[in-house]
Visitor: 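Just passing along the structure, written as structure tokens.
Here the structure is a predicted model, which means the values were calculated and not measured.
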Amino acid sequence: MLRQRILTAIVLLLIVAGAVSAATPWPMLALLALMSGCALWEWWRLVWPHPLARGGAAVLFVCILGIASRLLVDGQPDLHRLFQTILLPLALVFWLLPAPWMVVRAQVPERCPSAGLALAAALTLLATWYALSWIFLQHGAGALISLWALIWCADIAAYFTGRSLGRHKLAPRVSPGKTWEGAAGGVLAATLWLLATAIWWPDSYGALLLPRLGWPALILAGIVLAAWSIVGDLFESLLKRRAGVKDSSQLLPGHGGVYDRIDAVLPVAPAAILLLLLG
């Protein structure tokens, strides 16, 4: 299993490195569209009982993102207006209210239909795709990779801090392995990463955010983004527990599914881009 995880991780890193270093933005945009389509299919596997509908929706979703990518590259103002004034704020509201409420209650309400969760998947993944594509096109690979790395820092630090110091369960009915100590370690690591990159990495997300917010607000932004990444992780755990599965799929050998890898990105990316736009 460990060997499989390492091999898959190496392949994924090579794919990302190739997309980042390409002479045009299209490899990265294609990767983001494919990633979003796979995650939509996996989310729908957890909430929607119709396999053909899931597969058809995922294919259609990727096709729509391909067309939208062309419009993004062309600088279509109406598309930016749609996302920045409607879809990004709607996704933010979902991660601010319904998702944490369900996690705290440790259940999806019985009256909440699968169609509602499927619609939430489309909304949040559209917003995430736009946020990641926008920051890549507007500010380059450094901003995108450093934002991803913020989430990785939170995840890795939470895991090791929780294993070594964890005593108090964070959400035992949703994800028994997570602890408050681990969450605090993740938030601290992500915030330190944001502050450090604001100083020494000129093209990073932190460096973009610092002149807009200043140091005190940058610290607060790091704390909020890291905390939101934990909400995304716990929400996916809730969906998997509801569906009675360990992983969202087996698309990534040794790692589960694409959604398992980007669950924490979904709430963070829209919020991160809105901070840049509103700051």
Visitor: What's the spacing between Leu92 CG and Thr124 OG1 if we round to 0.5 Å?
Guide: 12.0 Å
Visitor: Do Leu170 and Leu165 belong to the same hydrophobic cluster, where Ile, Leu, Val, Met, Phe, Trp and Tyr are linked whenever their side-chain heavy atoms lie under 4.5 Å apart, directly or via other members?
Guide: no
Visitor: Any side-chain to backbone donor/acceptor pair from Thr8 onto Gly254? Under 3.5 Å, distance only.
Guide: no
Visitor: How close do Ile151 and Ala264 get, counting heavy atoms only, and between which atoms?
Guide: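 Smallest interatomic distance, heavy atoms only, reads CG2-CB, 3.5 Å.
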Visitor: With no hydrogens and no angle check, is any side-chain donor or acceptor of Thr161 less than 3.5 Å from a backbone partner on Ala158?
Guide: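 Side chain of Thr161 to backbone of Ala158: no pair is present.
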Visitor: To the nearest 0.5 Å, tell me how far Leu277 CG sits from His80 NE2.
Guide: 10.0 Å
Visitor: Side chain to side chain contact (heavy atoms under 4.5 Å, CB included), that's the test. Do Gln138 and Leu276 meet it? Break it down for me.
Guide: CA-CA 11 Å; Gln138 295 294 321; Leu276 287 176; over 6 Å; no
Visitor: Could you tell me if the side chain of Leu40 sits less than 4.5 Å from the side chain of Trp43, heavy atoms only?
Guide: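 Side chain of Trp43 against side chain of Leu40, heavy atoms only: no contact under 4.5 Å found.
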Visitor: Could you check whether any side-chain N or O of Asp155 sits under 3.5 Å from a backbone N or O of Trp152, counting only pairs where one atom can act as donor and the other as acceptor?
Guide: no
Visitor: Backbone N or O of His168 within a donor-acceptor pair of the Glu181 side chain at under 3.5 Å?
Guide: yes
Visitor: Out of curiosity, does Leu188 fall in the hydrophobic cluster containing Ile219 (side-chain heavy atoms, cut-off under 4.5 Å, transitive links)?
Guide: no
Visitor: Give me the one residue out of Leu194, Thr191, Val265, Leu192 that meets side chain to side chain contact (heavy atoms under 4.5 Å, CB included) with Leu150.
Guide: Leu194
Visitor: Would you check if Ser175 and Asp233 make a side-chain contact, meaning some heavy-atom pair closer than 4.5 Å?
Guide: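 Contact flag for Ser175/Asp233 side chains = no.
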Visitor: If you apply the rule side chain to side chain contact (heavy atoms under 4.5 Å, CB included), what do you find for Tyr130 with Leu72, and how did you get there?
Guide: CA-CA 9 Å; Tyr130 174 81; Leu72 278 186; 3.6 Å; yes
Visitor: List the residues meeting ring-ring contact (aromatic ring centres under 6.0 Å, His included) with Trp95, not counting sequence neighbours, and say none if there are none.
Guide: Phe235
Visitor: Ignoring hydrogens and geometry, is there a side-chain-to-backbone donor-acceptor pair from Tyr205 to Ala272 under 3.5 Å?
Guide: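 Judged by distance alone, yes, a pair lies under 3.5 Å.
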Visitor: Just how far is it from atom CD1 of Ile230 to atom CG of Asp263, taken to the nearest 0.5 Å?
Guide: 11.5 Å
Visitor: When you compare the side chain of Leu195 with that of Trp215, does any pair of heavy atoms fall below 4.5 Å?
Guide: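 Yes. Closest side-chain heavy atoms under 4.5 Å.
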Visitor: Does Val62 sit in a hydrophobic cluster with other residues, and if so which ones, taking ILVMFWY side chains as linked at heavy-atom separations under 4.5 Å, directly or through other members?
Guide: none
Visitor: Give the minimum heavy-atom separation between Val258 and Cys38, together with the two atoms involved.
Guide: CG2-CB, 3.8 Å
Visitor: Please indicate whether Trp180 has more than 12 foreign heavy atoms, meaning atoms of other residues, nucleotides or ligands, lying under 6.0 Å from its CH2.
Guide: no
Visitor: Strictly distance-based, threshold 3.5 Å: is any side-chain N or O of Trp228 a donor or acceptor partner for the main-chain N or O of Val268?
Guide: no
Visitor: Check the pair Trp41, Val59 against side chain to side chain contact (heavy atoms under 4.5 Å, CB included), reporting the backbone distance first and the verdict last.
Guide: CA-CA 9 Å; Trp41 175 72; Val59 171; over 6 Å; no
Visitor: Minimum heavy-atom separation for Leu208 to Arg212, with atom names?
Guide: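 Closest heavy-atom pair between Leu208 and Arg212: O-NH1, 2.6 Å.
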Visitor: Looking at Val47, is its backbone amide N or carbonyl O close enough to the side chain of Arg242 to form a donor-acceptor pair, meaning the two atoms are under 3.5 Å apart?
Guide: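 Between the backbone of Val47 and the side chain of Arg242 there is no qualifying donor-acceptor contact (under 3.5 Å).
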Visitor: Kindly give the heavy-atom pair with the smallest separation between Leu225 and Ala271, and that separation in Å.
Guide: CD2-CB, 4.0 Å
Visitor: So if you build clusters from Ile, Leu, Val, Met, Phe, Trp, Tyr with side-chain heavy-atom gaps below 4.5 Å, do Leu60 and Leu34 land together?
Guide: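 Leu60 and Leu34: separate clusters.
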Visitor: Is any side-chain heavy atom of Asp203 less than 4.5 Å from a side-chain heavy atom of His139?
Guide: no
Visitor: As an exercise, state the distance from NE2 of His255 to OG of Ser249, rounded to the nearest 0.5 Å.
Guide: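 Between His255 NE2 and Ser249 OG, I get 12.5 Å after rounding to 0.5 Å.
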Visitor: Measure the spacing between CG of Asp260 and CG of Asp247 and express it to the nearest 0.5 Å.
Guide: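 If we round to the nearest 0.5 Å, Asp260:CG and Asp247:CG are 5.0 Å apart.
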Visitor: Going by heavy atoms in the side chains, are Phe83 and Ile86 under 4.5 Å from each other?
Guide: no
Visitor: Of all the heavy-atom pairs spanning Val231 and Pro100, show the shortest one and how long it is.
Guide: CG1-CG, 4.1 Å
Visitor: Looking only at atom types and distance, does a side-chain atom of Thr128 sit under 3.5 Å from a main-chain N or O of Ala269, one as donor and one as acceptor?
Guide: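 Here the side-chain-to-backbone pair does not exist.
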Visitor: Are any of the side-chain heavy atoms of Leu266 and Glu236 separated by less than 4.5 Å?
Guide: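 With C-beta onward as the side chain, the pair stays apart.
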Visitor: Does Leu220 reach the side chain of Val224, with side-chain heavy atoms less than 4.5 Å apart?
Guide: yes
Visitor: Among the clusters formed by ILVMFWY side chains lying less than 4.5 Å apart, do Ile64 and Leu71 turn up in the same one?
Guide: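 Unlinked, Ile64 and Leu71 end up in two clusters.
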Visitor: Without swapping roles, check the side chain of Arg45 against the backbone of Ser248 for a donor-acceptor pair under 3.5 Å.
Guide: yes
Visitor: Which atom pair, heavy atoms only, marks the closest approach of Phe61 to Gly37?
Guide: CD2-CA, 4.0 Å
Visitor: Assess the residue pair Ile67 and Cys63 against the criterion (side chain to side chain contact (heavy atoms under 4.5 Å, CB included)); give the C-alpha distance rounded to whole Å, side-chain angles, the decisive distance to 0.1 Å, and a yes or no.
Guide: CA-CA 6 Å; Ile67 296 170; Cys63 292; 5.6 Å; no
Visitor: Taking the side chain as every heavy atom from C-beta outward, state whether Leu234 and Leu238 have any pair of such atoms under 4.5 Å apart.
Guide: no
Visitor: In terms of heavy-atom contacts, does CZ of Arg163 have more than 12 from other residues, nucleotides or ligands at under 6.0 Å?
Guide: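 Not more than 12 within 6.0 Å, no.
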Visitor: Under a 4.5 Å side-chain heavy-atom rule over Ile, Leu, Val, Met, Phe, Trp and Tyr, are Ile199 and Ile145 clustered together?
Guide: yes
Visitor: For Trp201 and Ala196, indicate whether the former's side chain and the latter's backbone hold a donor-acceptor pair under 3.5 Å.
Guide: no
Visitor: Starting at CG of Leu32, measure out to CG of Leu125 and round the result to the nearest 0.5 Å.
Guide: 12.0 Å
Visitor: Applying salt bridge (charged side-chain N to carboxylate O under 4.0 Å, His left out), name anything that partners Glu42, two or more places apart in sequence or on another chain.
Guide: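 Per chain and number, Glu42 pairs via salt bridge (charged side-chain N to carboxylate O under 4.0 Å, His left out) with no residue.
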